[in-house]
Asks: 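Take this structure, written in structure tokens, and hold onto it; I'll ask about it next.
Ligands are counted one by one from 1 in listed order, and the atoms in each one are counted from 1 as well. Because the structure is predicted, anything quoted here is derived from the model rather than measured.
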Amino acid sequence: MARALDLGWRGWGRVHPNPLVGATVLGGGALVGEGWHAEYGDRHAEPIALRDAGARARGGTLVVTLEPCGHRGKQPPCTDAIVQAGIRRVVAALADPNPLAAGGAERLRAAGIEVEIGLLGQPAADQNAAFLHRHRNSGRPFVAVKLATTLDGRIADAAGRSRWISGEAAQEYVHWLRAGFDAVGVGGRTARTDDPQLTVRGVVEPRVEPRRVVFDAAADLDPGLTLVRTARRVPTILVTSPSAPAARVEHLAECGVTILPATTLSDGLRSLQGIGIESLLVEGGGRLIGALLGQDLADRYYWVQSPLWLGERGVAAIVGLPSEPIDRAPRWRVVERRALGEDTLLVLDRD
Ligand SMILES: NC(=O)c1ccc[n+]([C@@H]2O[C@H](COP(=O)([O-])OP(=O)(O)OC[C@H]3O[C@@H](n4cnc5c(N)ncnc54)[C@H](OP(=O)(O)O)[C@@H]3O)[C@@H](O)[C@H]2O)c1
């Protein structure tokens with residue numbers, strides 16, 4: 001299953017809103033086939049792994065990160081391929097939350113195949129967090145926040161400069177990360193101070209370039225900013241107050257920026273989901289991230305920790321959180337911990 005999870009990652013940036021899925025086939029005690037869902041709408045992991053195994057699949061075990069589908073969508077039901085291949089046992093990490101695709105396990109059992117669900121269920125759920133979130137109908141996209149912070153919890157120096165707190169490996173990782181989201185967002189101050197591109201320039205070419213989102217109540221974006229200048233090439237959305245100065249809003253709309261008026265952050269997120277954004281990566285700054293965390297609107301935190309300090313006049317990493325007594329403060333769950341060059345990545349989920 002660990003191998004199947006690794007294979008599943010190969011679809012990152014290419015398959016969403018479908019889930020990431022990897023599969024392995026075991027025959028005669030050996031690994032005889034591998035497959036993964038590589039492209040949205042294309043073949044599923046299971047028939048690819050079964051084809052890879054060929055006749056060696058007969059009597060064997062199929063290990064897959066998501067319950068095989070029992071319906072005809074863009075592809076024929078995987079359950080048919082499994083029955084035809086002569087598989088004796090199926091081990092899946094997660095039950096399929098999609099009501100259209102679910103029921104695969106029952107179909108397999110009806111065909112006399114032994115089915116087990118739950119092996120490495122937590123890592124599989126972590127891998128497909130945005131997909132699972134979508135099926136929970138929370139009324140907003142899956143929201144992940146990402147920050148690179150110093151030893152002393154700063155995200156920029158006293159002059160507002162944040163380039164670069166983290167090293168090259170961390171920056172490459174962020175480009176990989178962006179590729180798997182529907183949209184990448186920042187607060188207005190970050191848009192003005194950093195003038196970021198928020199595009200994907202890494203190893204994975206996303207099937208659909210993530211849209212870009214700026215949260216700025218006053219619609220105070222200079223038309224010369226990269227996000228505005230390139231809005232016709234890479235869609236850019238401004239979430240702003242309904243009372244933002246009309247002239248500014250009109251001018252930004254003329255530049256190709258999509259305007260989403262919203263009175264609260266939560267309304268803004270709901271409106272983003274309304275235009276098809278099911279997953280959003282917010283890359284700062286500290287005020288916007290503080291507001292998302294404080295209002296319970298963030299599901300995951302990608303935290304890059306870098307070995308330098310910037311001092312008290314540096315920009316604080318997270319601003320505006322309410323005070324919590326230590327014995328009742330919510331603790332986040334560690335999903336992943338790894339070195340990125342000199343930096344450390346911690347991925348945390350709100351449980
Ligand atoms: N190290 C890193 O990873 C990193 C990443 C990004 C940025 N940075 C640095 O961080 C600095 C900017 O951070 P910042 O904390 O000053 O600002 P920020 O979070 O980028 O911007 C705050 C913006 O969010 C908007 N916003 C919209 N709704 C909000 C809400 N409900 N609550 C709070 N804000 C809301 C605010 O607009 P209104 O107030 O008009 O509503 C404001 O424009 C820059 O120096 C940048 O270089 C570092």
Side-chain angles (χ1 to χ4, degrees), residues 140 143-175 177-178 184-198 212-222 225-228 237-245 248-249 252 257 259-272 280-298 301-322 340 343-347:
R140 64 162 173 82
V143 176
V145 300
K146 175 247 132 192
L147 278 178
T149 78
T150 62
L151 294 175
D152 57 340
R154 307 286 145 179
I155 56 169
D157 67 13
R161 287 174 309 190
S162 60
R163 292 191 171 129
W164 293 102
I165 287 176
S166 55
E168 218 169 279
Q171 289 162 37
E172 274 169 26
Y173 173 79
V174 171
H175 281 284
L177 190 62
R178 286 178 181 171
V184 178
V186 289
R189 282 193 188 209
T190 298
R192 287 187 289 273
T193 315
D194 295 0
D195 189 20
Q197 299 181 55
L198 301 183
R212 305 179 297 188
V213 183
V214 183
F215 293 84
D216 195 64
D220 185 12
L221 296 185
D222 188 283
L225 289 175
T226 306
L227 290 170
V228 180
I237 299 153
L238 172 66
V239 179
T240 190
S241 161
S243 56
R248 275 190 200 163
V249 170
L252 290 168
V257 174
I259 311 292
L260 276 192
T263 30
T264 63
L265 206 42
S266 166
D267 283 348
L269 293 174
R270 193 171 311 118
S271 302
L272 288 170
L280 170 69
L281 177 67
V282 175
E283 297 196 18
R287 290 163 203 257
L288 179 58
I289 288 187
L292 289 165
L293 292 174
Q295 293 172 42
D296 249 355
L297 294 171
Y301 184 9
Y302 292 95
W303 182 12
V304 176
Q305 302 167 325
S306 301
L308 72 162
W309 51 265
L310 290 168
E312 286 186 1
R313 286 176 43 239
V315 179
I318 300 177
V319 180
L321 284 180
L340 294 172
D343 304 315
T344 305
L345 171 73
L346 251 184
V347 183

Asks: Work out which heavy atom in Asp157 is nearest to a heavy atom in Val315; give both atom names and the distance.
Replies: O-CG2, 3.8 Å
Asks: I want to check something: taking the side chain as every heavy atom from C-beta on, are Leu310 and Thr150 in contact at a cut-off of under 4.5 Å?
Replies: yes
Asks: Using only heavy-atom distances, determine whether the side chains of Asp343 and Ser166 contain a donor-acceptor pair under 3.5 Å.
Replies: no
Asks: Could you tell me whether the side chain of Leu280 reaches within less than 4.5 Å of the side chain of Val282, counting heavy atoms only?
Replies: yes
Asks: Write out each pair where an N or O from ligand 1 and one from the protein are under 3.5 Å apart, with the distance.
Replies:
from     : atom 1 : to     : atom 2 : distance (Å)
ligand 1 : 1 (N)  : Ala148 : O      : 2.8
ligand 1 : 1 (N)  : Ile155 : O      : 3.0
ligand 1 : 3 (O)  : Ala148 : N      : 2.8
ligand 1 : 15 (O) : Gly286 : N      : 3.0
ligand 1 : 15 (O) : Arg287 : N      : 2.8
ligand 1 : 16 (O) : Arg287 : NE     : 3.4
ligand 1 : 19 (O) : Gly285 : N      : 3.1
ligand 1 : 19 (O) : Gly285 : O      : 3.3
ligand 1 : 19 (O) : Arg287 : N      : 3.3
ligand 1 : 19 (O) : Leu288 : N      : 2.9
ligand 1 : 20 (O) : Thr190 : N      : 3.0
ligand 1 : 20 (O) : Thr190 : OG1    : 2.5
ligand 1 : 20 (O) : Gly285 : N      : 3.0
ligand 1 : 21 (O) : Arg189 : N      : 3.4
ligand 1 : 40 (O) : Ala217 : N      : 3.3
ligand 1 : 43 (O) : Gly188 : N      : 3.3
ligand 1 : 43 (O) : Asp216 : OD1    : 2.7
ligand 1 : 45 (O) : Gly160 : O      : 2.8
ligand 1 : 47 (O) : Gly160 : O      : 3.1
ligand 1 : 47 (O) : Ser162 : OG     : 3.0
ligand 1 : 47 (O) : Asp194 : OD1    : 2.6
ligand 1 : 47 (O) : Asp194 : OD2    : 3.1

Asks: Could you go through residues 265-272 and list every donor-acceptor pair under 3.5 Å that involves a side-chain atom there, pairing it with any protein atom two or more places apart or in another chain?
Replies:
from   : atom 1 : to     : atom 2 : distance (Å)
Asp267 : OD1    : Arg270 : NH1    : 3.0
Asp267 : OD2    : Thr263 : OG1    : 3.0
Asp267 : OD2    : Thr264 : OG1    : 3.4
Ser271 : OG     : Asp267 : O      : 3.0

Asks: Is a side-chain donor-acceptor pair under 3.5 Å present for Thr240 with Asp216?
Replies: no
